[in-house]
Protein chains: 2
Amino acid sequence: MATKVFVFDGREGKAQADAMKEGPDISRLSALIGDPARANMLSALMAGKALTAGELAYEAGVSAATASGHLRQMAEAGLIEGVSQGRHRYFRLADEHVQRALEALMSLAAQKGHLRSRTGPRDPALRAARVCYDHLAGAQAVEIYEVLTARGLFAASSQGIALSTPGRAFFAQAGFDVAAMERARRPTCRACLDWSERRYHLAGSLGAALLQRVLDEGWAIRAPDSRVVTFREGGQGALAALLQLG
Amino acid sequence: MATKVFVFDGREGKAQADAMKEGPDISRLSALIGDPARANMLSALMAGKALTAGELAYEAGVSAATASGHLRQMAEAGLIEGVSQGRHRYFRLADEHVQRALEALMSLAAQKGHLRSRTGPRDPALRAARVCYDHLAGAQAVEIYEVLTARGLFAASSQGIALSTPGRAFFAQAGFDVAAMERARRPTCRACLDWSERRYHLAGSLGAALLQRVLDEGWAIRAPDSRVVTFREGGQGALAALLQLG
DNA sequence: GGGATGTTTCGGTGGCGACCAAAGTGTTTG
DNA sequence: CAAACACTTTGGTCGCCACCGAAACATCCC
C-alpha cells in the first residue's frame, strides 16, 4: 500500500477533479438540460417563440412554483432570457448558440434511438413551412436551400458558408442589401439543420431577410399562436420567381 | 374557478408531460453528460484516443467502482463504446455524432463563460498540431483549411461542405483518390470546429486521407501516448508544397 | 500454481435537488 | 379600493443517484 496513487476521502477526490478540468464546464449546462422538466421547456422554446412562465410550466408538467425555479436557474446560466411584460414574463432561448447545442443534442438523441416518439413535429403544416427563430424552416425551406446551393450561390468559408461571387450578385439583384449584411457582425449565411427534415436550410441575416420579404410582400402570413407559415394563393409562385427556382 | 385551465395533482401532471413529448428525449443523454464525473470522462475522450477504465476513473477523480458504473451507463446509452483487451477495457466515444454534440456543448459552455479555466489544451504542442479523431487539428490545421477555402476548393452543399470543381481537380492531381471518396457514404469534406482555435478545420474522408498521407510520408509522427502530432525537419515544407500553400 | 493488476458487482450511506403548498410581490381589471 | 391573475419566494418532504469499501471475477506475469 506504499504506492497508492491517490487517496479519496470524499474531499481530496473532489479537489483533484476540479484541478483537473481544463476545458469548458460542460457538466453544468448539461445537468441543467438533463432534467426532464427543463428539457421539456427548452424543447418547447426551440420553436423560436417566446413563452410565458405559465405556458412553460404547463409544457413541462410541473407546478408554477417549480417552473419558476427552473426558469431562474436556466436564465442565470445563460440558456434563456426572460422579459417581463405586464403580469406575464416571456422567456426565449438566449441566442443561437443555445439553439445549436440543443439541435446537436436532439439530433444525437434521435440517432441513438433515444427518441420518445416520431421525428419532428407531427403537424403537416408545421413540416411544410414554419418559422425557425427568424428564418424559414420546413420542407420548402430545405428545398430552397438545396436548389440555391446546387446553383453555386454559396461557398464554404472559414465561418461556415458565405455568399459566393455569383450568389452576391444574385441576391443583390433580387433586392437584398447584401453589402449591409456583410458589413454587420452577424453571419450573412448559415446552414441551419432543419428539425423535421434533418437537412439544412438557410439561416443568418440573409435567411432572416428572406422571411421578412415573404411576409412583407404578403406571400405568406405567420399564424399568431404557432410557428406555422401559411402561403397564400400565388405566394409560392412569387417566391419561386424571386429566387428563379426550377 | 369554472375555467381553470389545467389541474396539477402531481400525477396527472407527470402523465401529461410524458404524452406531450414529441421530439427526441434530449434529457436522458444530457443528464448523463451532466454529471461532473461523467463529463470529465467524456472530455478526456474528446481527444479521440481510447482510454482504459482506470485512466478514466483517474481523470474523473472517482474510485474505480464508481467509474465502472458510469461507464456502463454511458455505454448502454450509446455515448461510448468499450472493447476488452486483455485485462484492460478501452473506451472511446461511440461515433462522431457524439463528438459533435459534445463539441457544441463545450462551445456553448465556453461562450457562456461557464468555462472552468483557459480555452482548449494548455500544451503548446497540442495547440499547434494534434489528431482529432482521424484527422489533423490545431492551429496548423485551421490555417490549412482557411487557405484552401480562400482558394475556393470547397463549396457549400446540402450536407455541409463539399469539393468544388477546382477542388476536386486539385486533390485528384495531388494524389488523392477523390472519386472513391465521393462514392463512399462518408462525407468527403466536413468542417470540424477546432477545439483550441475555435475555428474550423478539415474533417471527413479527405481530412483523414490528408493526415494519413502526412504520416505515411514520414512528414510527421504521432506521439504514442498523446494526440500530439510532431512534424519532422522539412515536414512542414513538404506538406505546404503538396497543398501549394503560401 | 501464486501474486499482482484491472475491472465489475454488491450493499449501504449520504447528500443534493426536484417537488409542492402556502404565503408574498407586483399587475391588471372592475 | 378590492378582487383576480401571473409569477416568485420560502419551507419542508422525499426519492434518486453518486459514492465508497469490500469482495468477486478476470487476466497477465513469473
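Chain letters run A, B, ... following the sequence lines, proteins first and then strands; every chain starts at 1. Everything quoted here is computed from the prediction, not taken from an experiment.
With distances taken from any side-chain atom of B/A65 to the nucleotides D/dC19, C/dT9, D/dC7, the minimum falls on C/dT9. Candidate nucleotides C/dT9, D/dC5, D/dT8 were compared by shortest atom distance to the side chain of B/S68, and C/dT9 ranks first. Across C/dT7, C/dC19, C/dT29, the shortest atom-to-atom separation from the side chain of B/A64 is found for C/dT7.
Remark: C1' of D/dC7 and CD of A/Q85 are 15 Å apart, rounded to the nearest angstrom. Whole-Å rounding puts the B/M74 CE to C/dT8 C1' distance at 15 Å. For the pair B/I80 CD1 and C/dT7 P, the interatomic distance rounds to 13 Å; values are reported in whole Å. Spacing between atom CG of B/L32 and atom C1' of D/dA18 amounts to 13 Å, rounded to whole angstrom units. Rounded to an integer number of Å, the gap from CZ of B/R87 to P of C/dG6 is 6 Å. In this structure, A/L56 atom CG and D/dA6 atom P are separated by 14 Å, rounded to whole Å. When the P atom of C/dG6 is taken as reference, atom OH of B/Y58 falls 14 Å away, rounded to whole Å. Distance CG (A/L71) to P (D/dT9): 11 Å, rounded to an integer number of Å.
Rounded to the nearest 0.5 Å, atoms CZ (B/R222) and OG1 (B/T230) are 11.5 Å apart. Atoms CG and OG, from B/L42 and A/S27 in turn, are 10.5 Å apart once rounded to the nearest 0.5 Å. Annotation: the span from B/H88 atom NE2 to B/E55 atom CD amounts to 8.0 Å, rounded to 0.5 Å.
Across all strands, A/T52 comes closer than 4.0 Å only to sugar-phosphate atoms, never to a base (heavy-atom distances).
Take the nearest nucleotide of DNA chain D for A/A53 and for B/G86: the residue whose nucleotide is more 5' is A/A53. Ranked by how close their nearest DNA chain C nucleotide is to the 5' end, B/Y90 and A/A67 are led by B/Y90. Residue whose closest nucleotide on DNA chain C sits further toward the 5' end, between B/G69 and A/A31: B/G69.
Within the 4.0 Å cut-off from OP1 or OP2 of C/dC19, not a single side-chain nitrogen or oxygen of A/T66 is found. Between C/dT8 and B/R72, no contact under 4.0 Å exists linking OP1 or OP2 to a side-chain N or O. Look at B/R89 and you won't find any side-chain N or O under 4.0 angstrom from OP1 or OP2 of C/dG6. For B/Q73, a side-chain nitrogen or oxygen approaches OP1 or OP2 of D/dA18 to under 4.0 Å. When the side-chain nitrogen and oxygen atoms of B/H88 are compared with OP1 and OP2 of C/dT5, none of them lie within a distance under 4.0 Å. Between D/dC19 and B/H70, a contact under 4.0 Å exists linking OP1 or OP2 to a side-chain N or O. Between A/R38 and the phosphate of C/dA18, there is a side-chain N or O to OP1/OP2 separation shorter than 4.0 Å. Put simply, B/S63 has no side-chain N or O that comes within less than 4.0 Å of OP1 or OP2 on D/dC19.
When all heavy atoms of B/S30 and A/L105 are compared, the pair lying nearest together is OG-CD1, 3.4 Å.
Within 6.0 Å of CZ on B/R92 lie no more than 12 heavy atoms contributed by other residues, nucleotides or ligands.
With contacts defined as side-chain heavy-atom distances shorter than 4.5 Å, the pair B/M41/B/M74 qualifies.
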